[in-house]
Amino acid sequence: MKAGIKESETRYRAIHEDQTELIARSLPDGTVTFVNEAFCRFFGLKREQLIGYHYKPIVFQEDRERVVNLVNSISLENPVITSENRVIACQKVRWAQWITRGIFDNQGNLVELQSVGRDITDSKQAQEALSESEQKFRAIFNQTIQFIGLLEPSGIVLEVNQTALDFAQITREEVVGKLFWEAKWWTISPETQLQLRTAIAAAANGEFIRYEVDIWGRDCQAMAIDFSLRPILDQTGHVTLIISEGRDISQWQAALRERHKAEEALRSSQDFLQKVANSVPHILYLFDLLQGTSIYLNQQSLTVLGYSSEEISQADPQWLMNCFHPDDQHLCYDLPSRFTNLRDNEVLSTEYRFRHKDGEWRWLNTREVVFARDASGTPTQILGSIEDISTRKHAEAVLRQQATGERLITQVTQQIRQSLNLEEVLNTTVNSIRQCLRSDCVAIYQLTADGGGYFAAESLADGYPEKLKQAILAFCIKGDFSDYNQGLPTILHNIQQCDFSANFELLQLYQVKAAMVVPILNGQHLWGLVITYQCAIPRHWQPFEVNLLQQLASQVAIAIHQSVLYQQLQDANEELQRLATLDGLTQIANRRRFNEYLESEWHRLKREKMPLSLILFDVDFFKPYNDTYGHLAGDDCLQKIANALLSTVKRPADLVARYGGEEFSIILPNTETKGAIHLAQAILQAVRDLAIPHAQSSVSDRVTISLGVVSTVPNCEISPQDLINAADKALYTAKQQGRDQVSAVCCSPVKCF
């Protein structure tokens, strides 16, 4: 029995060590007692630097107090916590997500903490980038020179940008919520009103509309607006939104005249710019995308490329393209398209090879920005600089050549250990072996129980036919596999000179000259073979090459075992997760899942400063219903309501849960009060439409519900429980006011939407 326990413990530790998650155990006071290898790699520390010490030093200083308080909150009533915090990993600040579980003895005393973590740095950075993109979009929306409005298909104004409000000298409240053609934008004639109404109706049917509208401004001056309506369709082809755009054409004409004046000023100052630019050690140029020529070039072109500025500026475009290396000539194709999506002040950096006047290839680095755009925002001129980076490129090539062998071995080993996808591991292995050894063909042949086999992965060099891998079969039809079963490789430097009792017909057909075969042993079982060979000439395989193949074969064996264990664990975890988060009767989320999701979304939306809404509702007079129709009918009633909920709440981010008994809840991230009330009313009607008889109800002859709605922007002054309490208060109000209705309240102290 002791031997069995020891073996079980060894397997348990092996599973922990092979996990990519960060696993740690500690005493209640925070002293670390165990960490797995993934934990050590992530933090860049050895076990002896962690075990026996408190976990606080690896937590980012500003998060320590919160993390400690959260861990200290673990109790029998709250045995599991989920947290996200910054940590110090490899001398860098990274983000990690933790699930910490308390282990209690029979007396209910906390005896150990078990934590499982994962790196969420990329996710956090993506969230920050998304928030930044949204801020940029709103800034662009409000600061663009065009008048932009968002309309419902019916013509009601949903939103307008600040440019339109400022131009029309009105407030947002004067137009939002009103029909576009009736809002007091400017003074327009009845004919123009009808024209606008007709255009919006056409856009609501999916047409793109653009024409000029004549208006009179506040100063009674006539103006012409270039006006367009662009419909936005959903996946079913229905118009869900109309974007209106406009601009004052007269001011645009004035701006165009000002621009011509600025360009004239630029041309008049070229002599001064030439003197300044010639002092720069790089080539500076101004390139006209419309003409396809350089309209300015400093004198450094002679120093860097051997050509004078006149030779380049006056050169034929085809001659200029031929100066690019053949592999880099694609950079000259459709040149304007490279800058179409380039934002102002955004730098486009490009490295390529260019022929010097002496015939030598030089590596150049070009950094380009948009210098001028036309009225529609399309780039017309590019300002750039060119630096000779040939010396740097040569040094990089030397360093790459020196590090290639060692790096490939390390990368392949890490990828094999980290990946749980066996197919990915095998393909990575054969491709890396072929690149590292520069072989013509590498394949992994998996043996089957009936004595046959198949190619699990293969990699062929360019120019070799797919059938070339069939030559590997010569090594797989050996009558005696005893050497392979013992883990011994077959090394053939020159097949013609080797005493190798195999089928040489296939080898001779494809002129195979040298080969290596290494067995893959999964425990004591011969799982398959790794085979590589050379076609052109015989090859003397070096000891490090044989060792490389054997090491990778061992890693493949580990990956095979790891893949089997992971699949078993994954199946078990998925079933446990499903059982732990679903309500058994209604098959929707249970109270536990509700609490977890509310906590998670609360913290996320608090960071993003975005709204969160909650709907609580229960079945009116449900006890009399049970007393009258029986508990089986009551269960059936709850199931029908749950199905109606799932049909009504359609957004993937919204969570429908059974809160308890006949009480249900819906968590609505990124939803303001108006949207939450709208959904609550839809749910109210959906339950009415079920038409479930309820003779004992005092508000209706069928089953009805009362709903409480609350919305807020999560912040440090309130908690998720405050949100629940506010929703419960709203639900109570709905009942007090007669039931079968929706009641909404504000979650103080934050202003509702």
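Taking a 6.0 Å sphere around CG of Asn341, one finds it holds 12 or fewer heavy atoms contributed by other residues, nucleotides or ligands. The environment of CG in Asp689 is crowded: more than 12 heavy-atom neighbours from other residues, nucleotides or ligands sit within 6.0 Å. Around the CD1 atom of Ile99, the shell of radius 6.0 Å holds no more than 12 heavy atoms that belong to other residues, nucleotides or ligands. Around atom CZ of Arg373, more than 12 heavy atoms belonging to other residues, nucleotides or ligands sit under 6.0 Å away. The 12-atom threshold is not exceeded at OH of Tyr732, counting heavy atoms of other residues, nucleotides or ligands nearer than 6.0 Å. Shown here is Arg86, whose CZ atom has more than 12 heavy atoms of other residues, nucleotides or ligands within 6.0 Å. For Arg607, the CZ atom sits in a packed shell: over 12 heavy atoms of surrounding residues, nucleotides or ligands are nearer than 6.0 Å.
Looking at Glu672 and Met610, their side chains never come closer than 4.5 Å, going by heavy atoms from C-beta outward. A heavy-atom distance below 4.5 Å is found between the side chains of Ile120 and Arg118. Counting only heavy atoms from C-beta outward, the side chains of Leu655 and Ile666 never approach each other to under 4.5 Å. Under the 4.5 Å side-chain criterion, counting only non-hydrogen atoms from C-beta, Pro611 is not in contact with Thr712. At a threshold of 4.5 Å between non-hydrogen side-chain atoms, the residues Asn85 and Val87 count as touching. Using a 4.5 Å heavy-atom threshold, the side chains of Ile724 and Leu598 count as touching. The shortest distance between side-chain heavy atoms of Leu582 and Ile588 does not fall below 4.5 Å. Side-chain contact between Leu612 and Leu723 is present, with heavy atoms from C-beta onward closer than 4.5 Å.
With salt bridges taken as basic N to acidic carboxylate O contacts below 4.0 Å, one links Glu159 and Arg172. Ion pairing between a basic and an acidic side chain is recognised when a charged N comes within 4.0 Å of a carboxylate O; Asp583 and Arg593 show no such pairing. A salt bridge is absent between Lys124 and Glu128: the closest approach of a Lys/Arg side-chain nitrogen to an acidic carboxylate oxygen does not fall below 4.0 angstrom. Ion pair Lys735/Asp620 not flagged as a salt bridge, since none of the NZ, NE, NH1 or NH2 atoms sits closer than 4.0 Å to an Asp/Glu carboxylate oxygen.
To the nearest 0.5 Å, atom CD1 of residue Ile209 and atom CD1 of residue Ile242 are 9.5 Å apart. With values rounded to the nearest 0.5 angstrom, Glu601 atom CD is found 11.0 Å from His603 atom NE2. Note that CH2 of Trp602 and CD1 of Ile667 are 11.5 Å apart. Values are rounded to the nearest 0.5 Å. Within the model, atoms CD1 of Ile312 and OG1 of Thr293 stand 13.0 Å from one another, a figure rounded to the nearest 0.5 Å. Taking CD of Glu84 as the reference point, atom CH2 of Trp98 lies at 12.0 Å (rounded to 0.5 Å). With values rounded to the nearest 0.5 angstrom, Thr704 atom OG1 is found 12.0 Å from Gln685 atom CD.
Without hydrogens or angle criteria, Thr121 side chain to Arg94 main chain gives no donor-acceptor distance under 3.5 Å. No donor-acceptor pair closer than 3.5 Å links the side chain of Asp166 to the backbone N or O of Thr163. In terms of modelled atom types and a separation under 3.5 Å, the side chain of Gln741 and the main chain of Gln737 share a donor-acceptor contact. Side-chain atoms of Thr380 come within 3.5 Å of backbone N or O of Ala372 as a donor-acceptor pair. Under a 3.5 Å cut-off, the side chain of Lys650 and the backbone N or O of Ser647 do form a donor-acceptor pair. For Ser600 (side chain) and Glu596 (main-chain N/O), no donor-acceptor pair under 3.5 Å exists by modelled atom type. Judged by distance alone, the side chain of Ser294 and the main-chain N or O of Tyr296 form no donor-acceptor pair under 3.5 Å. Of the possible donor and acceptor atoms, none in the side chain of Thr378 sits under 3.5 Å from a partner among the backbone N and O of Asp374.
Across all their heavy atoms, Val709 and Ala676 have their closest contact at CG1-CB, 3.6 Å. Listed here is the closest heavy atom pair of Ala730 and Gly708: CB-CA, 3.6 Å. When every heavy atom of Phe208 is checked against every heavy atom of Leu229, the shortest pair comes out as CD1-O, 3.3 Å. Across Ile386 and Thr366, no two heavy atoms sit closer than the pair CG1-OG1, 3.7 Å. The two residues Leu179 and Ser154 come nearest to each other via the heavy atoms CD2-O, 3.7 Å. Taking every heavy atom of both residues into account, Asn365 and Ser349 meet most closely at ND2-OG, 3.1 Å.
Checked against ring pair (Phe, Tyr, Trp, His ring centres under 6.0 Å), Tyr597 has no partners two or more places apart in sequence or in another chain. A search for side-chain contact (heavy atoms from CB on, under 4.5 Å) contacts involving Glu245 returns Gln146, Ile148, Ser228, Arg230, Ile243, not counting sequence neighbours.
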>> What verdict does the side-chain contact (heavy atoms from CB on, under 4.5 Å) test give for Lys606 and Cys716, after you've listed the backbone C-alpha separation in whole Å, the side-chain angles of each residue and the deciding distance to 0.1 Å?
In response: CA-CA 8 Å; Lys606 183 169 71 173; Cys716 297; 4.3 Å; yes
>> Leu348 vs Val369, test: side-chain contact (heavy atoms from CB on, under 4.5 Å). Steps then yes/no.
In response: CA-CA 6 Å; Leu348 178 64; Val369 297; over 6 Å; no
>> For a side-chain contact (heavy atoms from CB on, under 4.5 Å) check, start with the C-alpha distance between Gln125 and Asp122, then their side-chain angles and the critical distance, and finish with the verdict.
In response: CA-CA 5 Å; Gln125 292 174 347; Asp122 292 342; 3.9 Å; yes
>> Using the rule given for side-chain contact (heavy atoms from CB on, under 4.5 Å), can you reason through Glu663 versus Leu731, listing the C-alpha separation, both sets of side-chain angles and the distance that settles it, and then say yes or no?
In response: CA-CA 10 Å; Glu663 195 167 10; Leu731 174 58; 3.6 Å; yes
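A donor-acceptor contact under 3.5 angstrom links the side chains of Gln721 and Asn725, judged on distance only. Judged by distance alone, the side chains of Thr733 and Gln736 never bring a donor and an acceptor atom under 3.5 Å apart. Between Ser706 and Asp618, the side chains place no donor N or O within less than 3.5 Å of an acceptor N or O (distance only, hydrogens not considered). A side-chain donor from one of Thr671 and Arg651 sits under 3.5 Å from a side-chain acceptor of the other.
Checked against the 6.0 Å centroid criterion, the rings of Phe664 and Tyr659 do not qualify as a close aromatic pair.
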Identify each donor-acceptor pair in which a side-chain atom of residues 283-291 lies under 3.5 Å from a protein atom, sequence neighbours left out, and give them as a table.
unit_1, atom_1, unit_2, atom_2, d
Tyr285, OH, Glu368, OE2, 2.6
Asp288, OD1, Leu290, N, 2.9
Asp288, OD1, Gln291, N, 2.9

